[in-house]
**Student:** 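Please see the structure below; I have some questions.
By convention in this document, chain letters (A, B, ...) are assigned in the order of the sequence lines, proteins followed by strands, and residues within each chain are numbered from 1. Predicted model, so just to flag it, every value in this text is computed and none were measured.
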Amino acid sequence: MITIHPKTKQAYQLLQAGTLAFARAERQGISVNIDYLNKKKIGIDKKINKLENEFKESKFYKRWCHSVKNGKPNINSNLQLSRYIYDIKRIDPFKYTGKGNPSTDEEALKGLNLPEVNTLLEIRKLKKIKTTYLEGFKKEQVDGIMHPFFNLHLVKTFRSSSDSPNFQNIPKRDKEAMTICRKAIIPRKGHQLLEADFSGIEVRIAACYHKDSNMLKYITDKTSDMHGDMAVQIFKLRKLDRSLKGHDTLRQASKNGFVFPQFYGSYYKNCAINLINWVQLPHGEFKPDTGIEFENGFISNHLIKKGIKCLDDMINHIKVIENDFWSKRFPEYTAWKEMWWGLYQKYGYIDLKTGFRCSGVMNKNDCINYPVQGAAFHCLLWSFIKLDEIIRNENWNSKIIGQIHDAIIMDVHPDELNHVVKTIKQITTVELAKTWDWIITPMDIEMELCPVNASWAEKEKYKI
DNA sequence: GGAACTCGCCAC
DNA sequence: AAACGTGGCGAGTTCC
C-alpha cells in the first residue's frame, strides 16, 4: 500500500483549486459530432463484417471450428484462440503474458507467420475503435456534449486520470485510428480546438531533482539532441540528419525504445527487443534486405555490416550502450538515483518537489519515477488553475475543455486566439517557474491548432 | 446475474 | 540480483 499526501499548505491548495478547475472543465464538456459517429459506425461494421467473412473462409478458421466442442469458436476470444494455437496445433509460444500464459497479443500473433491471423488483427483493431471510442463517446454524450471526468484522487503518483469516457487515451500514433476517432471531436460552432503541450516535461523535472550537468546541457542547448545522439550510437550512424530518409524513424526508435524505457528503469535486454521491433527486424537472425529502409538501404544490411547479425548481438551491443549511458553520459543522474533510493531506505518515504510525501513499500524504480511523474503533472495542474482563473476574471468566450497529463485542450473563439496563446505561453514559461524556485530548467510549450469548425483530427503545429 | 479476474490495447 | 512508470476500458471467463 502506497500513500501520498500533501505536506504543505500550498500542496493542499493545489489539489483544492485543481479539483474546482477540473470541475469547471468537466461541466463545460466536449462537443461530439453525432451524425458522424452514427455514419462511421455503420461503415466500420461493414468492414468488420467483410473481414470476418473473409476470415471464416480460411482453412485456419475451419480447422479451429473442428477443434471446439460446439463447432463454433468465438473469434473475439483470445483464450479459445490460445487453446487452438498452442494446445491443439502445438505451436511453441515465444511470448508469454505476465501470468505466464502463452500470449495472443499483436506481436505474438504476427510472430506465428500465419497470414490468415493478420485478418484477425485487423478485426481486433477496428473493434477497439468502434467499441471503446465511437460507442464510448456516443454513450457518454448528452445533446452532443460529453463530460469526461478528470480525477485527482486515484493515481499513486498524484497524476490525474480520466474516465467516462477516458479523454486521455484517444488514438494518436496509428494514423487510421487517430483520424476515425478524433474526427468525432469538434469545437463549439464558430470555435476552434487548441492544444498546448509542455515539451519534454518529465525529463526537465527529473533534471530539477538530479541536476546532472550533461542533461542540463541537453535541455538548455537547443542545438543539441539527446535522442539523435543516442540514435547515432545505437544504430552506428555517422551522424543523424533528420532530412535523410529513415533517420527520424531511427531517432523515434531510440527515444521510445531506449531512452524513455531507461528513464523508467528498463534494462538492455528489453530495450534491445524494443529497438528491433521499432525497425521491424525479427527476434532471431537478421536476413538481408529486411526491416525498415533508410538512407543506407535496408536496416538489416547496415546492422549486419556493422557486426550486429541477430537479436543476441543487439542485446550485447545495447548492454554496452546502457553502461555508457549511465556511467559516462549521465553520471550525476546515476548518483542521484542511488542517493534517492538510499534516502527512501533510510526514512521510508520520499518527498516531491511540489510538497507531497509518498510513503509505503516501493521498489527502486517506483522510488525514482514517482517524484518525477507527480511533480511534472503538478506543473500542468498549476498552469491549468492559473489559466482557468484568468479565463473567469477576464470573462473569455474561450474555455478549457480537458487535460492530458502534460497538455491543456481548449475550445477557442478565433477573435481571442492571440490573447489565449500569449496567456498560456506566459503562464507556462514564465509564471510557473516564478512560483516554484526549484524549477531550474527552462519550460517550453508547443501548440497545435485546428481550423475553425474543424475536428480534432485536423490539428496542425501552430507557431507561437 | 454480478463481482473479480485476465488479457489486450489505447494514452502520457 | 533484478530488470518499464501511470492509468481506463471492453470482452471473455470464472466463481459465487
**Student:** If I take atom CD1 in residue A:I129 and atom C1' in nucleotide C:dC9, what distance separates them, rounded to the nearest angstrom?
**Tutor:** 15 Å
**Student:** From CD1 of A:I205 over to C1' of C:dT6, roughly how many Å is that when rounded to an integer?
**Tutor:** 17 Å
**Student:** Measure from CD1 on A:I404 to P on C:dG7 and round the result to the nearest Å.
**Tutor:** 17 Å
**Student:** Mind checking A:Q262 for me? I need base, sugar-phosphate or nothing, with any heavy atom below 4.0 Å counting as a touch.
**Tutor:** nothing
**Student:** What is the separation between atom CD1 on A:I409 and atom P on B:dA11, rounded to the nearest whole Å?
**Tutor:** 14 Å
**Student:** Take atom NZ of A:K127 as the centre, draw a 6.0 Å sphere, and report whether it contains more than 12 heavy atoms from other residues, nucleotides or ligands.
**Tutor:** yes
**Student:** Whole angstrom is fine here: how far is it from CG in A:N369 over to C1' in C:dC4?
**Tutor:** 8 Å
**Student:** Establish, with yes or no, whether the OP1 or OP2 oxygen of C:dG10 is under 4.0 angstrom from a side-chain nitrogen or oxygen of A:T132.
**Tutor:** no
**Student:** Is there a side-chain contact between A:S103 and the phosphate of B:dG8, meaning an N or O under 4.0 Å from OP1 or OP2?
**Tutor:** yes
**Student:** Looking at B:dA11, B:dG8, C:dC9, which one has an atom nearest to any side-chain atom of A:R124?
**Tutor:** B:dG8
**Student:** Please name the residue in the list A:F263, A:Y370, A:W336 that meets the ring-ring contact (aromatic ring centres under 6.0 Å, His included) test with A:Y209.
**Tutor:** A:W336
**Student:** What's A:I170 touching, base or sugar-phosphate or nothing? Going by heavy atoms closer than 4.0 Å.
**Tutor:** sugar-phosphate
**Student:** For the residue pair A:F158 and A:H378, does the interplanar ring angle fall in the parallel (under 30°), tilted (30 to 60°) or perpendicular (over 60°) class?
**Tutor:** tilted
**Student:** Quickly work out the A:E446 CD to B:dC12 P distance and round it to whole Å.
**Tutor:** 13 Å
**Student:** Return yes if a side-chain donor-acceptor contact under 3.5 Å exists between A:T157 and A:Q373, otherwise no.
**Tutor:** yes
**Student:** Looking only at the aromatic ring of each residue, does the gap between the centers of A:W340 and A:Y347 stay below 6.0 angstrom?
**Tutor:** no
**Student:** Heavy atoms only, 4.0 Å cut-off, all strands: where does A:Y370 land among base, sugar-phosphate and nothing?
**Tutor:** sugar-phosphate
**Student:** Toward the 5' end of DNA chain C, which comes first, A:R159 or A:S164, by nearest nucleotide?
**Tutor:** A:R159
**Student:** Closest to the A:N169 side chain: C:dG5, C:dA11, B:dC10?
**Tutor:** B:dC10
**Student:** Would you mind telling me which of C:dC9, C:dG5, C:dC4 lies closest to the side-chain atoms of A:N166?
**Tutor:** C:dC9
**Student:** Grab the CH2-P distance between A:W456 and B:dC10 for me, whole Å please.
**Tutor:** 16 Å
**Student:** Between A:E322 and A:K328, does any side-chain N to carboxylate O distance fall below 4.0 Å?
**Tutor:** no
**Student:** With sugar-phosphate meaning primed atoms plus P, OP1 and OP2, does A:E106 contact a base, only sugar-phosphate, or nothing at under 4.0 Å between heavy atoms?
**Tutor:** sugar-phosphate
**Student:** Any chance the rings of A:F167 and A:F149 have centres within less than 6.0 Å?
**Tutor:** no
**Student:** Distance to the ring centre below 6.0 angstrom and angle to the axis at most 45 degrees; does that hold for A:R159 and A:F377?
**Tutor:** no
**Student:** Would you mind telling me which of C:dA3, C:dG8, B:dG8 lies closest to the side-chain atoms of A:S161?
**Tutor:** C:dG8
**Student:** What's the closest nucleotide to the side chain of A:N76 if the choices are B:dC10, C:dG12, C:dT6?
**Tutor:** C:dG12
**Student:** State whether A:N78 places a side-chain N or O below 4.0 Å from either non-bridging phosphate oxygen (OP1 or OP2) of B:dC7.
**Tutor:** no
**Student:** For C:dG12, take OP1 and OP2 only and decide whether either is under 4.0 Å from a side-chain N or O of A:N74.
**Tutor:** yes
**Student:** Is there a donor and acceptor pair, one atom on the side chain of A:D174 and one on the base of B:dC10, closer than 3.5 Å?
**Tutor:** no
**Student:** With a 4.0 Å limit, can you tell me whether A:S77 has a side-chain N or O closer than that to the phosphate oxygens OP1/OP2 of C:dT13?
**Tutor:** yes
**Student:** Reckon A:P171 touches a base, only the sugar-phosphate, or nothing at all at heavy-atom distances under 4.0 Å?
**Tutor:** sugar-phosphate
**Student:** Which nucleotide in the list B:dC10, C:dG5, B:dC12 gets nearest to the side chain of A:Q373?
**Tutor:** C:dG5
**Student:** Does any N or O donor sit under 3.5 Å from an N or O acceptor when you compare the side chain of A:K128 with the base of B:dC9?
**Tutor:** yes
**Student:** With respect to the side chain of A:D366, which nucleotide from C:dC4, C:dG7, C:dG5 is positioned closest?
**Tutor:** C:dG5
**Student:** Are A:H227 and A:F260 an aromatic pair by the rule of ring centers under 6.0 Å?
**Tutor:** yes
**Student:** Using the benzene-type ring in the case of Trp, are the ring centres of A:F258 and A:F325 under 6.0 Å apart?
**Tutor:** yes
**Student:** Mind checking A:T104 for me? I need base, sugar-phosphate or nothing, with any heavy atom below 4.0 Å counting as a touch.
**Tutor:** sugar-phosphate
**Student:** Using heavy atoms and a sub-4.0 Å distance, could you list which residues of residues 138-156 of chain A are near DNA chain C? By number, please.
**Tutor:** A:K139, A:L154, A:V155, A:K156
**Student:** If you define the side chain from C-beta out and look only at heavy atoms, does anything of A:L193 sit under 4.5 Å from A:I401?
**Tutor:** yes
**Student:** Looking at A:W326, does the NZ or CZ of A:K337 lie under 6.0 angstrom from its six-membered ring centre and within 45 degrees of the ring axis?
**Tutor:** yes
**Student:** Looking at C:dT6, I'd like to know if its phosphate oxygens (OP1 or OP2) sit under 4.0 Å from a side-chain N or O belonging to A:Q168.
**Tutor:** no
**Student:** Figure out the CG/P separation between A:L380 and B:dA11, and round it to whole Å.
**Tutor:** 18 Å
**Student:** Using a cutoff of under 3.5 Å, can you pull out all pairs of nitrogen or oxygen atoms linking the protein to nucleotides 14-16 of chain C, with atom names and distances?
**Tutor:**
none

